[in-house]
Amino acid sequence: MQRSLLIKPMLNEDYPTISYGKGIYLYDDTGKEYLDGSSGAVTASIGHQVPEIIEAMVNQASKVSFAYRSQFTSKPAEQLAEKLNELVNGDEDYFSFFVNSGSEATETAMKIAIQYWQEKGDYRKQKILSRWMSYHGITIGALSMSGHVKRRERFVPLLAEYPSISAPYCYRCPLSQTNPSCQLACAFELETAINRIGAEHIAAFIAEPIVGASGAALVPPEGYYEKIADICERYNILFIADEVMTGLGRTGKRFGLDHWNVKPDIIALGKGMSAGYTPIAATLVSEKVMEPIINGSASIMSGHTYSANPQSAAISLAVLEYIEKQRLTEKAEEIGSYLFHKLQEVAKDVAIIGDIRGKGLLLGLEFVQDRKTKQPFEAKLALTDLIVKKARENGLLLYPAAAGKDGVQGDAVIIAPPFIITKEETDQLIRILKETLIEIEQDLR
């Protein structure tokens, strides 16, 4: 057998070869069917092989696929920016800076936040505060803002020390408190960090509305984001929402922060923007932040070759219109509630499930040795990998996530199927998941 020259996530692992997808299913070149229980990397939100999106692809390709952003604008890019502003539905307009990935979107958000203060004549505000158990991307700037310990560890000498406060992790409160008696201590940690560092040095605070890869759908307690937004406003610090995973319907709302009726200064989008049909992401910038830039240098110092290319913009616009026409955001909320209930039923028969959490179709399962003590499994067991591989063997795709009080010793997966999944298909997902976890429990014994 000829060796592969493709660098895969694990070089010594054999991966099935994808052949095609249809709806919520993927098929490898042997014909084996996989239920896409994670929408790939929480990306393929409208399912595979949607005719309307394929038509939009072909239509735009027949006109022009690429035009460089410093030479041309395009109708699809202009329309997409208008559409995103409409979806935010804020008291002010949000401008769009298009990029190619979530990592680029958060890094661009960081740069814009720093440039905002520079344009106002304040060159001291350069730090970005963030949380532990967070993930904002794999580029050096985005990784500096991330609190994902395993993804940081190889590059720590290169990274800025941005993670400053604890994540809102009620199942394993890092402050050893319980809600509501804690009175949102994890939110007030931000104020403590600001006072220690000095607000005059801090440009922005960044957070995922619901923590994804580094926490398996951590949902904060009620009032958390209202308090975070209030602290940022009082200390004159911008609030960046990393909606790369949570945005555009995934949680049953247009944006994750809509659950708490909070509007950030800057929003990073990705993944569901194109539902996997093309690489595209965006940094949405409020009029408040844009104003001094427009009246100052009139240029944002960032950009990529493929930024705002007509092909990707047309595809993203078609995806967002499809989500609206099919009312898929409402569907994600409805079917997500059904899936959550079914997971609770599975937990009655599977003792290693410690916690079920999330909103809409962004749900997480955390696994423990003992529910009463919440004792995690030993890291050397690599339980998350075992579960993901066993599920794939059984025809179900899951997304691995970090968990545990330190963000290292803990096991979890994210369940995030496409919004189009039916109750019957959800029942199939549950059946395969339950079989998988029971097999794993037997292996552990």
Side-chain angles (χ1 to χ4, degrees), residues 1-21 25-44 48 100-104 106-107 133-159 212-216 244-245 270-271 276 278-279 281 304 306 364-365 367 376-404 406-416 432 436 439-440 443-444:
M1 181 178 176
Q2 183 179 357
R3 69 171 180 170
S4 172
L5 299 179
L6 176 65
I7 299 175
K8 303 178 182 70
M10 295 302 296
L11 296 174
N12 57 356
E13 186 170 330
D14 290 326
Y15 293 86
T17 301
I18 189 68
S19 178
Y20 68 97
Y25 299 98
L26 292 165
Y27 299 85
D28 68 20
D29 60 354
T30 71
K32 182 176 178 177
E33 178 183 89
Y34 302 83
L35 194 159
D36 192 357
S38 61
S39 299
V42 196
T43 302
H48 306 278
N100 311 297
S101 69
S103 297
E104 292 174 17
T106 57
E107 184 143 339
M133 292 196 72
S134 66
Y135 183 60
H136 301 294
I138 204 65
T139 57
I140 292 298
L143 196 57
S144 288
M145 296 186 290
S146 301
H148 195 305
V149 178
K150 294 300 290 182
R151 295 183 184 181
R152 286 175 61 93
E153 60 185 3
R154 288 186 184 274
F155 309 106
V156 167
L158 301 176
L159 304 179
S214 62
V244 170
M245 189 175 282
K271 295 186 182 289
T278 189
H304 303 270
Y306 285 95
L365 296 181
F367 304 103
F377 288 89
E378 292 183 18
K380 65 181 180 181
L381 186 61
L383 181 65
T384 298
D385 290 343
L386 292 176
I387 291 171
V388 169
K389 287 178 183 177
K390 177 66 72 173
R392 190 172 70 193
E393 288 173 12
N394 292 341
L396 172 64
L397 301 175
L398 302 173
Y399 189 78
D406 55 6
V408 178
Q409 187 155 319
D411 294 283
V413 297
I414 288 175
I415 302 173
I432 301 173
T436 298
E439 285 182 56
I440 290 289
D443 291 344
L444 290 173

Between atom [atom1] of [X] and atom [atom2] of [Y], what is the distance when rounded to the nearest 0.5 Å?
{"X": "Ile140", "Y": "Leu158", "atom1": "CD1", "atom2": "CG", "answer": "5.0 Å"}
{"X": "His148", "Y": "Glu153", "atom1": "NE2", "atom2": "CD", "answer": "10.0 Å"}
{"X": "Asp411", "Y": "Leu386", "atom1": "CG", "atom2": "CG", "answer": "8.5 Å"}
{"X": "Ile415", "Y": "Leu396", "atom1": "CD1", "atom2": "CG", "answer": "7.5 Å"}
{"X": "Leu143", "Y": "Arg154", "atom1": "CG", "atom2": "CZ", "answer": "12.5 Å"}
{"X": "Leu398", "Y": "Thr436", "atom1": "CG", "atom2": "OG1", "answer": "7.5 Å"}

- [ ] Can you sort out the partners of Ser101 under side chain to side chain contact (heavy atoms under 4.5 Å, CB included), two or more places apart, ordered by chain and number?
- [x] Ser103, Glu104

Task: side chain to side chain contact (heavy atoms under 4.5 Å, CB included) partners of Glu378, counting only residues at least two apart - done: Lys380

What is the minimum heavy-atom distance between [X] and [Y], and which atoms define it?
{"X": "His136", "Y": "Thr106", "result": "O-OG1, 2.5 Å"}
{"X": "Pro400", "Y": "Thr384", "result": "CB-CG2, 3.7 Å"}
{"X": "Ala281", "Y": "Gly270", "result": "CB-CA, 3.8 Å"}
{"X": "Asn100", "Y": "His304", "result": "ND2-CB, 3.6 Å"}
{"X": "Ile414", "Y": "Ala401", "result": "CG1-CB, 4.1 Å"}
{"X": "Ala216", "Y": "Ala412", "result": "CB-CB, 3.5 Å"}

Salt bridge (charged side-chain N to carboxylate O under 4.0 Å, His left out) involving [X] - partner list, sequence neighbours excluded:
{"X": "Lys8", "result": "none"}
{"X": "Lys32", "result": "none"}
{"X": "Glu13", "result": "Lys389, Arg392"}

Residues 35-44 side chain polar contacts: donor-acceptor under 3.5 Å, at least two apart:
from, atom 1, to, atom 2, distance (Å)
Asp36, OD1, Ser39, N, 3.0
Asp36, OD1, Gly40, N, 2.9
Asp36, OD2, Gly40, N, 3.4
Asp36, OD2, His48, NE2, 2.9
Ser38, OG, Gly40, O, 2.8
Ser39, OG, Arg250, NH2, 3.1
Ser39, OG, Ala416, O, 2.6
Ser39, OG, Pro417, O, 3.4
Thr43, OG1, Ala41, O, 3.0

Task: Sequence-distant partners of Tyr20, ring pair (Phe, Tyr, Trp, His ring centres under 6.0 Å), two or more places apart - done: Tyr27

Open item on the list: List the residues meeting ring pair (Phe, Tyr, Trp, His ring centres under 6.0 Å) with Tyr306, not counting sequence neighbours, and say none if there are none.
Closed with: Phe66

For [X], enumerate each residue passing the side-chain hydrogen bond (donor to acceptor under 3.5 Å, both in side chains) test, keeping only those at least two apart in sequence or located in another chain.
{"X": "Asp28", "value": "Thr30, Tyr34"}
{"X": "Arg152", "value": "none"}
{"X": "Asp406", "value": "none"}
{"X": "Thr139", "value": "Glu107"}

Task: Any Phe367 side-chain heavy atom under 4.5 Å of Ile440 side chain - done: no

